[in-house]
Amino acid sequence: MDRTNQPRVRFAPSPTGYLHVGGARTALFNWLYARRERGTMLLRIEDTDVERNRPELVDGILAGLKWLGIEWDEGPYFQSQRLDMYRSEAKRLLVSGAAYACYCKASSYAGADAAPAADSEEEQEGEGDDEGPKTRKNVACPCREMSEADRAAREREGVPAAIRFGIPRIGATTFEDAVFGSREVQNAEIEDFVLLRSNGLPTYQLSVVVDDLDMRITHVIRGADHLSNTPKQVLLYRALGAEPPIFAHVPLILGPDRTRLSKRHGATSVSSYADEGFLPEAFRNFLALLGWSPGDDSEFLRTSELMERFSLAGVSRTNAIFDRPKLEWFNTQYLQKLPIEDLLPCVADELRRANLWNGSQAAADPGWFARAVDLIRPRTRFLQDFTTWSRGFFTDDFDFEPEARAKFWKDERLPGMLGKLADALAALPEWNHDACDAALRQLASAEGVKAGLLINATRVAILGRAVAPPLFESMVILGQDRVASRIRRALPALSAP
RNA sequence: GGCGAUAUCGUCUAAGGGUUAGGACGUGGCCCUCUCAAGGCCAAAAUCCGGGUUCGAAUCCCGGUAUCGCUACCA
């Protein structure tokens with residue numbers, strides 16, 4: 001089968017941190033594109049920076065992608081296992097004259113003015129801000145023009161050399177970006193960047209191009225922070241005798257303060273959203289709409305629809321702010337609108353996590369489980385809601401919430417009335433919504449109280465909470481025996497001060 | 001500092017020369033009600049500023065401003 005026309009995309013995180021929402025969104029776009037176009041997505045771990053690299057984080061990134069439901073078709077490949085290829089390609093460029101050896105000390109370039117102490121201080125206000133020299137010229141490495149004799153001398157001395165790419169002095173480099181359109185950059189603006197460090201490890205620019213070429217990547221979909229460096233890579237592709245792939249840079253995701261999303265904005269790792277009880281599909285829907293629009297007013301888009309409708313043309317060019325309330329809204333929508341059979345496995349997992357699954361009616365009776373979840377879900381916002389305030393549906397082991405007691409158990413006639421209610425309910429020949437309703441209202445009018453008083457008090461008695469689903473539906477789910485015994489069990493607590 | 005990109009309600013966005021500038025989140029109000037949600041209805045809320053081009057500009061052009069990105073032997 002001829003697959004030459006099928007796109008190949010990749011997600012290429014570097015294990016310097018967990019999988020954050022920006023990376024997740026990039027991964028999602030790649031995945032949606034691959035699925036839409038019946039292409040192939042591969043995963044590549046960019047771990048060429050030995051100092052920042054933390055191998056133990058790879059598992060977390062993989063786990064984050066799995067939770068998101070993003071499946072790659074090839075990989076993961078590790079750049080750390082492909083070093084020979086980068087070295088030989090660098091050598092090729094050296095031989096062809098596209099690159100040159102640089103004998104300068106790394107420190108004379110590295111972080112020359114960069115690394116402004118990582119997001120710490122703002123320089124204080126005031127006028128006298130004739131600050132330190134922030135000026136920076138393009139790197140014009142003297143080694144580029146070094147004579148052969150000098151070069152040989154350095155080699156003899158064993159001076160460690162980096163390999164730099166020699167940017168053409170004149171002309172411009174152009175490329176097409178599927179999102180930002182056609183781009184042109186003057187070569188004079190581009191500095192001779194390093195391809196291979198003096199320690200023999202490749203830089204990002206080299207490894208990314210070599211790999212994308214070797215892996216036959218057709219579409220590079222990545223964050224817009226790479227847009228400015230793309231001309232370097234285009235030049236590199238050409239120097240390697242290849243045509244560049246199609247680029248598609250997607251806008252960045254910012255925090256509410258419009259700065260790059262980072263730890264101090266709170267949850268930025270995908271796993272924290274998993275822990276918080278978000279549904280993966282809701283998260284995908286939310287993420288997909290951050291920087292992409294289907295073109296109409298559709299918002300609730302299940303993953304299958306995203307895969308049908310995603311296109312690079314719909315990607316925005318404007319950075320987007322991560323809007324937590326909207327994410328929560330999506331989660332609520334999914335909890336309530338998902339076909340019940342799609343939701344059940346997620347709830348079952350949550351019950352297992354809370355140790356409420358084994359031996360429960362939920363595990364034993366699928367039909368009952370579905371009815372119970374359906375009753376509870378209109379009031380849920382997170383998966384945890386099934387094991388916190390609604391745990392009374394899945395176990396007898398729950399407490400009477402103090403606020404609920406204070407609010408609905410005030411009336412001192414309640415113990416007597418609920419005792420009678422328990423008897424009346426236990427004696428019902430049939431157990432359904434209307435029978436329970438009638439029994440309770442009959443008692444209320446006989447006692448001369450409003451039905452609401454009994455309803456609210458009973459809800460607390462059988463579920464322990466002031467906030468729970470409507471009473472009679474809850475009774476039906478719980479069953480006659482359990483309801484009667486729970487009411488009786490509550491009586492002592494009810495009469496306690 | 002240099003280079004570049006971007007700019008529509010507070011937020012995500014639609015409208016790619018002609019609309020009362022639409023939808024959604026959030027906010028406020030009303031309805032529903034057995035608690036609390038959900039839901040329904042209503043409301044306030046935007047074309048960054050200034051110049052052009054045009055009969056007509058959110059849309060095209062220029063300038064300014066702001067924001068973001070890049071400017072590393074990080075990715």
Side-chain angles (χ1 to χ4, degrees), chain A residues 12-14 16 46-49 51-53 102 104-115 131 133-139 160-164 180 183 185-186 188-191 193-199 201-205 207-208 222-232 249 251-252 254 256 258-260 286 289-300 316-330 332-333 335-336 377-381 385 389 404 407-408 437 440 450-456 458-460 465-472:
Chain A
S14 88
T16 53
E46 310 219 315
D47 53 352
T48 56
D49 183 351
E51 297 192 359
R52 297 169 194 235
N53 198 22
C102 165
C104 303
K105 281 212 275 291
S107 58
S108 63
Y109 293 110
D113 68 25
E131 284 298 307
K134 281 283 166 55
T135 44
R136 179 194 185 79
K137 292 290 185 315
N138 289 342
V139 169
I163 296 180
R164 276 183 194 280
F180 286 86
R183 313 273 315 191
V185 175
Q186 294 304 313
E189 297 291 338
I190 308 174
E191 66 285 358
F193 59 95
V194 170
L195 297 169
L196 201 67
R197 302 172 172 79
S198 50
N199 66 7
L201 291 173
T203 62
Y204 167 75
Q205 313 287 3
S207 57
V208 76
R222 70 205 335 180
D225 48 342
H226 291 292
L227 188 58
S228 300
N229 279 326
T230 301
K232 295 176 186 170
H249 288 91
L252 270 15
L254 309 178
R258 295 181 177 282
T259 64
R260 218 177 195 167
F286 168 72
L289 259 19
L290 227 43
W292 174 77
S293 162
D296 59 21
D297 289 341
S298 313
E299 292 245 82
F300 188 87
S316 153
R317 286 169 300 281
T318 317
N319 291 168
I321 292 174
F322 188 87
D323 186 26
R324 163 94 191 193
K326 190 147 191 176
L327 169 60
E328 293 190 8
W329 176 79
F330 270 112
T332 306
Q333 291 296 304
L335 282 166
Q336 304 184 3
R377 66 163 163 170
R379 262 149 279 258
T380 55
R381 294 183 70 77
D385 290 329
W389 61 260
K407 188 171 179 189
F408 292 127
D437 189 316
L440 183 140
K450 283 198 282 195
L453 176 71
L454 289 182
I455 288 171
N456 289 327
T458 306
R459 181 184 293 108
V460 180
R465 296 285 170 149
V467 176
L471 183 65
F472 304 118

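Proteins get letters first, then strands, A, B, ... in listed order; numbering begins at 1 in each.
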Task: Euclidean distance for C1', B:rC25 against B:rG16 (whole angstrom) - done: 26 Å
- [ ] Report the base-pairing partner of B:rG26 (Watson-Crick or G-U wobble, both distances below 3.5 angstrom), or none.
- [x] none
Task: Test item: A:R459 side-chain N/O and A:P469 main-chain N/O as donor-acceptor pair under 3.5 Å - done: yes
- [ ] State which residues pass side chain to side chain contact (heavy atoms under 4.5 Å, CB included) with A:F286; sequence neighbours excluded, sorted by chain then number.
- [x] A:L290, A:F322, A:K326, A:L327, A:F330
Open item on the list: For A:D49, give me all partners under side chain to side chain donor-acceptor pair (under 3.5 Å), at least two apart in sequence or on another chain.
Closed with: A:R52
Open item on the list: Roughly how many Å apart are B:rU8 and B:rA58, using the C1' atom of each and rounding to a whole number?
Closed with: 7 Å
Task: B:rU65 versus B:rU53 - spacing of their P atoms, nearest Å - done: 24 Å
Open item on the list: By nearest heavy atom, map A:F180 and A:G295 onto RNA chain B; which one lands nearer the 5' end?
Closed with: A:F180
Open item on the list: Can you tell me which nucleotide in B:rU13, B:rA75, B:rA7 comes closest to the side chain of A:T203?
Closed with: B:rA75
TODO: For A:R377 and A:L335, indicate whether the former's side chain and the latter's backbone hold a donor-acceptor pair under 3.5 Å.
DONE: yes
Task: Partner nucleotide of B:rA45 by Watson-Crick or wobble geometry (both distances under 3.5 Å) - done: none
- [ ] Please state the P separation for the pair B:rC68 and B:rC62 - nearest whole angstrom.
- [x] 24 Å
Task: B:rA7: pairing nucleotide in any strand, Watson-Crick or G-U under 3.5 angstrom - done: B:rU65
TODO: Tell me, please, which residues at least two apart from A:S298 pass side chain to side chain donor-acceptor pair (under 3.5 Å).
DONE: A:D296, A:R309
Open item on the list: List the residues meeting ring pair (Phe, Tyr, Trp, His ring centres under 6.0 Å) with A:F472, not counting sequence neighbours, and say none if there are none.
Closed with: A:H433
Task: Strand partner of B:rC74, provided both Watson-Crick or wobble distances fall under 3.5 Å - done: none
Open item on the list: Suppose we call a contact any N or O donor and acceptor under 3.5 Å apart; does that hold for the side chain of A:S198 and the base of B:rC73?
Closed with: yes
Task: Nucleotide B:rC70, atom C1' - distance to CZ of A:R183 in whole Å - done: 11 Å
Task: Residue list, salt bridge (Lys or Arg N to Asp or Glu O under 4.0 Å) with A:E46, at least two apart or on another chain - done: A:R44
- [ ] Grab the CD-P distance between A:E189 and B:rU71 for me, whole Å please.
- [x] 14 Å
- [ ] Could you give the distance separating B:rU47 and B:rU59 at their C1' atoms, to the nearest angstrom?
- [x] 10 Å
Open item on the list: For the C1' atoms, the ones on B:rG22 and on B:rG29, what distance do you get once it is rounded to whole angstrom?
Closed with: 23 Å
Open item on the list: When both hydrogen-bonding distances must be under 3.5 Å and the geometry is Watson-Crick or G-U wobble, what is B:rA21 paired with, if anything?
Closed with: none
TODO: Applying side chain to side chain contact (heavy atoms under 4.5 Å, CB included), name anything that partners A:D47, two or more places apart in sequence or on another chain.
DONE: A:P15, A:I45, A:N53, A:F78, A:Q79, A:S80
Task: Gap between atom NZ of A:K450 and atom CG of A:N456 - 0.5 Å precision - done: 10.5 Å
Open item on the list: With a 4.0 Å limit, can you tell me whether A:T48 has a side-chain N or O closer than that to the phosphate oxygens OP1/OP2 of B:rA75?
Closed with: yes
- [ ] State the pairing partner of B:rG16; accept Watson-Crick or G-U wobble contacts with both distances under 3.5 Å, and report none otherwise.
- [x] none
- [ ] List in chain and number order the residues that pass side chain to side chain donor-acceptor pair (under 3.5 Å) with A:D323, two or more places apart in sequence or in another chain; answer none if no residue qualifies.
- [x] none
Open item on the list: What's A:G291 touching, base or sugar-phosphate or nothing? Going by heavy atoms closer than 4.0 Å.
Closed with: sugar-phosphate
TODO: Return the set of residues passing salt bridge (Lys or Arg N to Asp or Glu O under 4.0 Å) with A:R379 (not counting sequence neighbours), or none when no residue passes.
DONE: none
Open item on the list: Could you tell me how far apart A:K232 (NZ) and B:rC74 (C1') are, to the nearest whole angstrom?
Closed with: 11 Å
TODO: Look through every strand shown and name the nucleotide pairing with B:rA57 as Watson-Crick or G-U wobble, where both distances are under 3.5 Å.
DONE: none
TODO: Would you mind classifying the nucleic acid contact of A:R52 as base, sugar-phosphate or nothing, using non-hydrogen atoms under 4.0 angstrom?
DONE: base
- [ ] Would you kindly give the CG-to-C1' distance between A:N229 and B:rC73, to the nearest whole Å?
- [x] 15 Å
TODO: Do nucleotides 62-69 of chain B as a string where each nucleotide becomes B, S or -: B if the base has a protein heavy atom under 4.0 Å, S if just the sugar-phosphate does, - if no protein is that close.
DONE: ------SB
Open item on the list: At under 4.0 Å between heavy atoms, how does the protein contact nucleotides 41-47 of chain B? Give one character per nucleotide, 5' to 3', with B, S or -.
Closed with: -------
Task: Rounded distance in Å between the C1' positions of B:rC12 and B:rU27 - done: 16 Å
- [ ] Going 5' to 3' through nucleotides 23-37 of chain B, assign each nucleotide B (protein heavy atom under 4.0 Å from a base atom), S (under 4.0 Å only from sugar-phosphate atoms) or - (no protein heavy atom that close).
- [x] SBS--------BBBB
TODO: Check whether any side-chain heavy atom of A:V208 lies under 4.5 Å from a side-chain heavy atom of A:H226, and answer yes or no.
DONE: no
TODO: Please state the C1' separation for the pair B:rA21 and B:rA46 - nearest whole angstrom.
DONE: 9 Å
TODO: Identify whether any heavy atom of A:E51 sits under 4.0 Å from a base atom; if not, whether one sits that close to sugar-phosphate; answer base, sugar-phosphate or nothing.
DONE: nothing
Open item on the list: Once side chain to side chain donor-acceptor pair (under 3.5 Å) is applied, do any residues pair with A:W389, and if so which ones, sequence neighbours excluded?
Closed with: A:D385
Open item on the list: Any side-chain to backbone donor/acceptor pair from A:R164 onto A:F193? Under 3.5 Å, distance only.
Closed with: no
- [ ] Take atom NE2 of A:H249 and atom C1' of B:rG4, then tell me their distance rounded to the nearest Å.
- [x] 13 Å
